[in-house]
Structure formats: C-alpha cells, structure tokens
Amino acid sequence: MLVVMHRQATAADIERVVEVIRAQGLTPHVLPGVTRTAIGMTGNTAAIDPELFEGLPGVVEAIRVTKPFKLASREMKPDDTVIPLPQGTIGGGTFTVIAGPCSVENEAMLLRTAEYLRERGVRFLRAGAYKPRTSPYAFQGLGRQGLRILAQARQRFGLGIVTELMDTQEAEAVAEVADIIQIGARNMQNFALLRCVGRCRKPVLLKRGLCATLEEWLMAAEYVLAEGNYQVILCERGVRTFSDHSRNTLDLSVIPPAKAWSHLPILVDPSHGTGKRAYVPPMALAALAAGADGLLLEIHPEPDKALSDGPQSLDFPAFDQLWQQLHRLAPVLNRSL
Ligand code: PEP
Ligand code: MN
C-alpha cells in the first residue's frame with residue numbers, strides 16, 4: 001500500500017500517517033518525490049484497508065501496489081532514484097563510469113590505476129579486496145590490507161571507492177572505506193548479507209545473479225530497501241545461457257523493463273558480461289545507447305599479468321579509446337558523462 005500525500009501536506013500530516021502505519025504493526029517508508037511525498041509500508045501479510053488513510057488530513061489517496069517488490073517499484077516511486085555522492089551523482093540522466101582492476105593486487109598497481117583514472121576525469125574506482133572465486137585455490141584478494149590500499153587511493157586521488165562485501169562480519173570494515181558497497185552476483189540472494197547492507201548507510205551496488213530474473217533481482221533489492229537503505233544501484237553483468245561464445249550473455253534487453261518496473265538506477269558491467277576485452281567497448285557503447293545509467297569496467301595497467309579477470313580487462317590505451325567514444329556518443333543521446 002502506498003499513501004500519496006498532497007503537495008501541501010505538512011510534516012504533521014505525514015507524521016500522522018506514519019503513526020497509523022506503525023499502529024498496524026507495519027514499517028513506514030517516507031519517500032519524498034519531486035512533486036509530492038508518498039509513504040510506503042511493508043510488513044503486511046494480508047491486504048490493508050485504504051480507508052484507514054483516506055480520511056486523514058493531507059492524504060490524496062491510498063493505492064495498492066501490485067508488484068511483489070514494493071519499495072523498488074515505479075508504482076511506489078514514479079521519480080528516478082538519484083544517488084548523490086561527494087564524487088558525483090549516480091542516476092538522473094548522468095552516465096557514470098566506474099573503473100578499476102578486478103582485484104586490489106598490491107599498492108603500486110592500485111595507486112597507478114587510481115592516478116590514471118583521476119587524470120582522465122573518472123570519479124569512481126572499483127577494485128575488490130575480497131574476491132568470490134570459483135576455485136578455492138585462486139587468489140582470494142588481500143582482505144583488510146586491500147581495504148587499507150583502497151583508503152589510500154581515496155585519500156590521495158579523491159576517487160569514490162566501490163568494493164565488494166562478501167561476509168557480514170566484514171561489513172563495518174568495508175563500509176568504512178567504501179563509498180558504494182558492491183554485492184556480487186553470487187551473493188544476490190544471500191539474504192543475511194542483503195539485510196546487513198540494508199542497515200549500512202552506504203549506497204549498495206547490487207549485481208544481478210547468474211541466473212536471476214528481473215523480478216528476483218528486484219526482490220533482492222527489496223531486502224536492502226526494506227531495511228531503510230533506499231540507495232540501491234542495480235548492475236547487469238550477464239547471465240548464464242547456452243551461448244558459449246562469451247563468458248556470460250550480457251542482457252542489455254533488461255534495461256528498458258528494469259527502468260519501467262523500477263526507479264532504481266542501473267549500471268552495466270560489460271567486462272564480466274563478455275569475459276573478453278575485445279567485446280567490452282562495443283557493449284559499453286550499446287549500454288549507453290540502451291539507457292543505462294553508467295558502466296562498471298575492469299581495467300588494468302598490465303592485463304596479462306592480472307591476478308584475476310585479466311582476459312576481460314582493458315589496458316589504459318584501450319580505455320582511453322572507449323572513454324573518447326563515450327564522450328562522442330553521450331551528447332547525441334542527450335546524456336552527460
Ligand atoms: C567482480 O565484480 O569482480 C565480480 C566478481 O563480479 P560478479 O559478482 O558479477 O561475478
Ligand atoms: Mn572481476
């Protein structure tokens with residue numbers, strides 16, 4: 001149920017609705033919008049009577065939300081979610097490029113990459129200190145040491161840091177360094193982890209699960225939103241299909257329905273989506289054309305020496321070329337980079 005307030009509704013009117021929701025044993029979610037405030041509620045197992053709200057001062061109407069994902073739905077919040085960060089805004093028409101190596105490998109390579117991105121005007125650095133690897137014998141990331149290196153990059157180059165959280169026990173340490181906490185594809189339905197980042201007051205980048213439908217993905221986002229963290233960014237990174245010409249099948253066709261069903265911003269990761277660096281630039285440009293809010297790109301100073309995901313990482317000259325192409329394409333589409 002969604003209670004839509006009048007444009008002129010007062011803070012007291014809103015508080016009154018919030019109290020009525022709480023009195024029903026439910027959780028209120030006040031969602032300020034561009035033209036009016038709406039108040040969502042979660043926690044009900046049966047339908048709620050709209051008459052509970054419709055007579056209250058400042059209330060326009062009470063609407064049933066038909067989608068199973070409530071807070072993530074456009075029905076609940078017609079305006080796009082825009083996430084303001086000190087380094088730049090995500091969503092709302094801007095196209096945000098987030099780039100970096102798959103893993104923090106050592107201080108020198110990470111700082112070299114950070115400096116390069118800073119010079120190019122990229123505002124967000126992404127690298128994993130904790131890596132979800134298929135093999136337990138593969139490089140698992142530097143852990144806390146990796147977080148310390150990321151903190152250094154943030155401090156020296158002013159970049160926003162995006163890094164993955166795999167375990168609730170590390171939440172505090174990751175949240176301290178990260179401007180955006182990444183939840184990886186393999187953990188998209190790790191509900192304890194989703195609830196945990198829902199309680200962190202940091203934006204969450206939620207990757208699509210390896211075989212998740214759009215509805216399952218938005219239900220995963222709902223776990224974060226339901227805890228009161230409304231700053232969720234979706235990230236399409238390819239799904240598993242019968243096709244074996246690429247690592248995954250990058251599903252750019254999910255962007256229009258994701259935008260229609262949800263107000264959350266959506267990024268595209270063509271690196272994991274294709275698994276091959278030659279295919280990354282065309283898919284990155286296609287993501288911009290398809291209406292994505294930005295990209296997550298793996299780049300590495302020496303991709304052939306990378307400890308993880310080298311074959312899909314762009315080297316600096318290849319990134320330069322893509323960066324220029326994105327700048328040429330964006331204005332044609334009325335987008336700013
Ligand atoms: C990553 O971003 O490096 C990663 C492991 O991605 P995914 O969770 O999409 O596989
Ligand atoms: Mn990777």
Side-chain angles (χ1 to χ4, degrees), residues 96-105 109-110 113 124-136 138-143 146-147 149-150 160-167 170 174 177-190 193-194 197 203-212 214 216-217 220-221 224 232-241 246-252 254 258 266-277 279-280 283-284 287 292 294-315 318-319:
T96 306
V97 173
I98 300 175
C102 180
S103 312
V104 181
E105 296 174 1
M109 68 77 74
L110 202 271
T113 309
F124 293 93
L125 168 74
R126 193 216 70 130
Y130 300 92
K131 296 306 303 178
R133 304 305 301 279
T134 303
S135 165
F139 176 60
Q140 304 285 310
L142 296 181
L147 293 180
I149 296 172
L150 286 169
I161 300 296
V162 184
T163 197
E164 179 163 351
L165 173 69
M166 285 173 57
D167 185 331
E170 295 300 298
V174 168
V177 172
D179 294 280
I180 301 175
I181 301 172
Q182 176 174 326
I183 299 295
R186 289 155 192 82
N187 275 318
M188 190 204 81
Q189 284 185 317
N190 180 336
L193 192 61
L194 295 174
V197 290
V204 173
L205 180 99
L206 179 64
K207 291 194 132 194
R208 183 180 181 181
L210 273 66
C211 56
L214 175 56
E216 287 163 342
W217 189 11
V224 181
V232 176
I233 305 157
L234 303 169
C235 180
E236 160 61 29
R237 47 78 72 205
V239 287
R240 179 66 58 85
T241 69
S246 56
R247 180 175 176 183
N248 292 292
T249 298
L250 186 68
D251 182 14
L252 293 180
V254 81
I266 178 167
L267 305 186
V268 168
D269 170 359
S271 307
H272 293 86
T274 64
K276 293 180 184 150
R277 73 175 70 107
Y279 307 152
V280 169
M283 290 296 97
L295 295 169
L296 201 69
L297 291 169
E298 286 190 340
I299 68 165
H300 194 288
E302 293 175 281
D304 295 334
K305 294 190 185 154
L307 297 182
S308 60
D309 287 347
Q312 67 194 33
S313 300
L314 299 177
D315 60 14
F319 178 83

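As the structure lists them, so they are numbered: ligands from 1, and atoms in each ligand from 1.
- Taking a cut-off of under 4.0 Å to the non-hydrogen atoms of Gly184, the atoms of ligand 1 that pass are 8 (O).
- Closest approach of Leu307 and Arg133 over heavy atoms only: O-NH1, 3.6 Å.
- When the heavy-atom distances from atom 8 (O) of ligand 1 to Ala185, Gly100, Gly128, Gly141 are ranked, the shortest goes to Ala185.
- Of all protein N, O or S atoms, those under 2.8 Å from the Mn ion (ligand 2) number 4.
- Near Cys102, meaning under 4.0 Å from one of its heavy atoms, ligand 1 places the atoms 3 (O).
- Of the charged side-chain nitrogens involved, at least one lies within less than 4.0 Å of a carboxylate oxygen, so that Arg277 and Asp304 count as a salt-bridged pair.
- We find the CG-OG1 distance between Asp269 and Thr274 to be 8.5 Å, quoted to the nearest 0.5 Å.
- Just one of Val97, Thr113, Val280 meets the side-chain contact (heavy atoms from CB on, under 4.5 Å) condition when paired with Phe319; it is Val97.
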Applying side-chain contact (heavy atoms from CB on, under 4.5 Å), run through Thr241 and Asp251 and close with a yes or a no. CA-CA 10 Å; Thr241 69; Asp251 182 14; over 6 Å; no

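- The distance from ligand 1 to the heavy atoms of Arg237 drops below 4.0 Å at these ligand atoms: 7 (P), 9 (O), 10 (O).
- Ser103 places no side-chain N or O within donor-acceptor distance of the main-chain N or O of Gly128, the cut-off being under 3.5 Å.
- Looking only at heavy atoms of the protein, atom 4 (C) of ligand 1 is closest to His272 NE2, 3.4 Å.
- For ligand 1, the atoms sitting less than 4.0 Å from at least one non-hydrogen atom of Arg126 are 1 (C), 2 (O), 3 (O), numbered in the order shown with element in parentheses.
- Residues Arg208 and Glu216 are not paired through a salt bridge, judged by the lack of any N-O separation under 4.0 Å between the basic side chain and the carboxylate.
- Below 3.5 Å of separation, one finds no N or O of Pro132 facing any N or O of ligand 1.
- For Gln140 (side chain) and Leu142 (main-chain N/O), no donor-acceptor pair under 3.5 Å exists by modelled atom type.
- Under the side chain to side chain donor-acceptor pair (under 3.5 Å) test applied with His272, the options Gln312, Glu236, Arg237 reduce to a single match, Gln312.
- What you find for Leu150 and Ala127 is that their closest heavy atoms are CD1-O, 3.8 Å.
- The protein heavy atom nearest to atom 3 (O) of ligand 1 is Lys131 NZ, 2.9 Å.
- Residue-to-ligand polar distances place Gln182 within reach of ligand 1: an N/O pair is separated by less than 3.5 Å.
- Considering backbone and side-chain atoms together, Asp269 places no N or O closer than 3.5 Å to any N or O of ligand 1.
- Side-chain atoms of Trp217 never come within 3.5 Å of backbone atoms of Met188 as a donor-acceptor pair (strictly under, hydrogens ignored).
- For ligand 1 and Glu298, the ligand atoms under 4.0 Å from any heavy atom of the residue are 3 (O).
- Remark: Asp309 engages Arg247 in a salt bridge, criterion side-chain N to carboxylate O under 4.0 Å.
- For ligand 1, the polar-atom distance check against Arg186 finds a nitrogen or oxygen pair separated by under 3.5 Å.
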